[in-house]
Each structure stands twice: as structure tokens, then as C-alpha cells.
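Note that the coordinates shown come from a computational prediction; the quantities given were computed from them, not determined experimentally.
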Amino acid sequence: WFSARIRPNANPNFCKKGSDHPSAKVAPQENSFRQVSVYDPKTGKWQHVDTCFSTHHLYFAKDANRTLWFSQGGPASGVIGWVNTKLFLETGDSAKSQGWTPIIVDTNGNGRRDEGDTRLMAAAYGIMPSPVDDSIWAQSMGIGFGRMNQPGYVMRIVPGSNPSETALTEVYVPPEGAWSPRGSDVT
């Protein structure tokens, strides 16, 4: 499984506003800069997953669907994406096999997503599903130019029962003097 550029940036219609894809209804995506490819050494063939979200680093969760979670690289994607690799290998259907969620912080503290919450326009650089619970840990790199001067942070995403609509994110700011967290490991 690889992050790979398999087409130009413009996304297919199932990714965009007006689509009936569950994730597109919540956070439509017009472009993705890198998608996914998978090589089967038994057959010597490549397959491509046409993801609506950009991909960068990838990591398998330890679940029955062998969910593959992706960081997005650049600083402003605002979503976290995944591919149900079991479903993709069974069907070859890129649209049905993927999902993504906006990065939402429960700023009003009521335990659910609603209009009082904050959407972060950030991107993960590293990503790591926890082997202990269903959380996904990610790091957002710091941005050090112009008005966007911030040191980066660590995010804990709790997907919930329907991640496109239920995922909530906790944000941890590094101590003063720390800058741009990139990699992580969760045990």
C-alpha cells in the first residue's frame, strides 16, 4: 500500500458537493494531490484507490477491516481519511471503501458535533491508530510564516459510530519552545 499520485488533482464527482457519498455530504473535497496504490506480489498487479482526500503517511489499524489511516501532509486539508482495505480488496470500489472526516474540536463541551464546535483547517503529518482503543493520533506540523505562526500540535481523534459525522478531536499544544511535531508511536 502506497501514497501515490494516480491522476491529476481534480477529484471525481463522488467526492464533491452534491454527492451522496457520506463523507462528501459532510466535507466535500474538490482536489486530492496524492491517492493510493496497492501492489499484489502474488499476481504482480497494481490497483488504485481513487481517494478524495490527499494522502501522505499511512498506518494500518488493528481492526477486522484492516483500516488504513492517512495523514494528508500539507497544512490546510482539514480532514482525516481512511480506506477499508478489506472492502476494497473484495470489491475494487474506491468510493465505497473510503471515508474522511473534518477535524472537529468539541469547543462547547457537550460531547457531540454541532454548530458550537470548531473546525480545524489543519492536516496531519504523522498518523497512528491506537492499539488500545479506537482513537487515532496525529500530529499537525507547525506553520511559521505571516499570520499563521503556530507551533503545531498533537491531535487525538475519536471516530465514534459514524466517523464522517461523529468524529471529535482533542488538541494538545506542545510545551513552549517545541515546534512542529511530525512522527509518533502509540503503544
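Looking only at distances, no side-chain donor or acceptor of Gln139 sits under 3.5 Å from a matching main-chain atom of Tyr125. Between the side chain of Ser135 and the backbone N or O of Ser130 there is no donor-acceptor pair closer than 3.5 Å.
The hydrophobic cluster containing Val83 also includes Trp1, Val36, Val38, Val49, Phe53, Leu58, Phe60, Leu68, Phe70, Val79, Phe88, Leu89, Trp100, under a criterion of side-chain heavy atoms closer than 4.5 Å among ILVMFWY residues, counted directly or through chains of members. Under a 4.5 Å side-chain heavy-atom cut-off, the cluster of Ile, Leu, Val, Met, Phe, Trp and Tyr residues that includes Phe33 has no other member. Ile104 belongs to a hydrophobic cluster whose other members, connected by ILVMFWY side-chain contacts under 4.5 Å either directly or through intermediates, are Leu168. Members clustered with Phe14: none, using a 4.5 Å side-chain heavy-atom cutoff among hydrophobic residues.
A donor and an acceptor atom, one from each side chain of Ser32 and Gln35, are located under 3.5 Å apart.
Within the structure, every pair that satisfies the disulfide (SG to SG under 2.5 Å) test and touches residues 20-58, not counting sequence neighbours, is listed here: Cys15-Cys52. Pairs engaging residues 40-63 under the salt bridge (charged side-chain N to carboxylate O under 4.0 Å, His left out) rule: Arg7-Asp50 [sequence neighbours left out]. Screening residues 14-27 for side-chain hydrogen bond (donor to acceptor under 3.5 Å, both in side chains), with sequence neighbours left out, gives Ser23-Ser164. Pairs passing the salt bridge (charged side-chain N to carboxylate O under 4.0 Å, His left out) check and including a residue from residues 82-100, sequence neighbours excluded, do not occur. Screening residues 109-124 for side-chain hydrogen bond (donor to acceptor under 3.5 Å, both in side chains), with sequence neighbours left out, gives Thr101-Arg113, Thr107-Thr118, Asn108-Asp114, Asn110-Asp114.
The minimum heavy-atom distance between Ile157 and Ala138, with the atom names listed, is CD1-CB, 4.2 Å. Closest approach of Gln98 and Thr51 over heavy atoms only: OE1-CA, 3.3 Å. Ser37 and His48 get closest at one heavy-atom pair: CB-ND1, 3.5 Å.
Between Trp82 and Pro163 the shortest side-chain heavy-atom distance falls below 4.5 Å. Counting heavy atoms from C-beta outward, Ile6 and Trp46 have side chains that stay 4.5 Å or more apart. Looking at heavy atoms from C-beta onward, Ile80 lies in side-chain contact with Ile103 at the 4.5 angstrom threshold. Counting only heavy atoms from C-beta outward, the side chains of Met155 and Ser140 approach each other to under 4.5 Å.
Other residues, nucleotides and ligands place more than 12 heavy atoms under 6.0 Å from the CG atom of Asn9.
If you take OG on Ser161 and CG on Asp134, they are separated by 11.0 Å, rounding to the nearest 0.5 Å. In this structure, the separation between CD1 on Ile127 and NE2 on His57 is 11.0 Å, given to the nearest 0.5 Å. Here Thr91 contributes atom OG1 and Leu87 contributes atom CG; the two are 4.0 Å apart, rounded to the nearest 0.5 Å.
No path of Ile, Leu, Val, Met, Phe, Trp and Tyr side chains, each step under 4.5 Å between heavy atoms, connects Val158 with Val26, placing them in separate hydrophobic clusters. By the criterion of side-chain heavy atoms lying less than 4.5 angstrom apart, applied directly or through intervening Ile, Leu, Val, Met, Phe, Trp or Tyr residues, Leu120 is not grouped with Val173; the two fall into different hydrophobic clusters.
Taking the salt bridge (Lys or Arg N to Asp or Glu O under 4.0 Å) definition, one finds that Asp133 meets it with Arg156, sequence neighbours left out. For Asp106, the salt bridge (Lys or Arg N to Asp or Glu O under 4.0 Å) criterion is met by no residue, not counting sequence neighbours. Under the rule for a side-chain contact (heavy atoms from CB on, under 4.5 Å), the partners of Pro129 that lie at least two apart in sequence or sit in another chain are Tyr59, Ala61, Trp69, Ile136.
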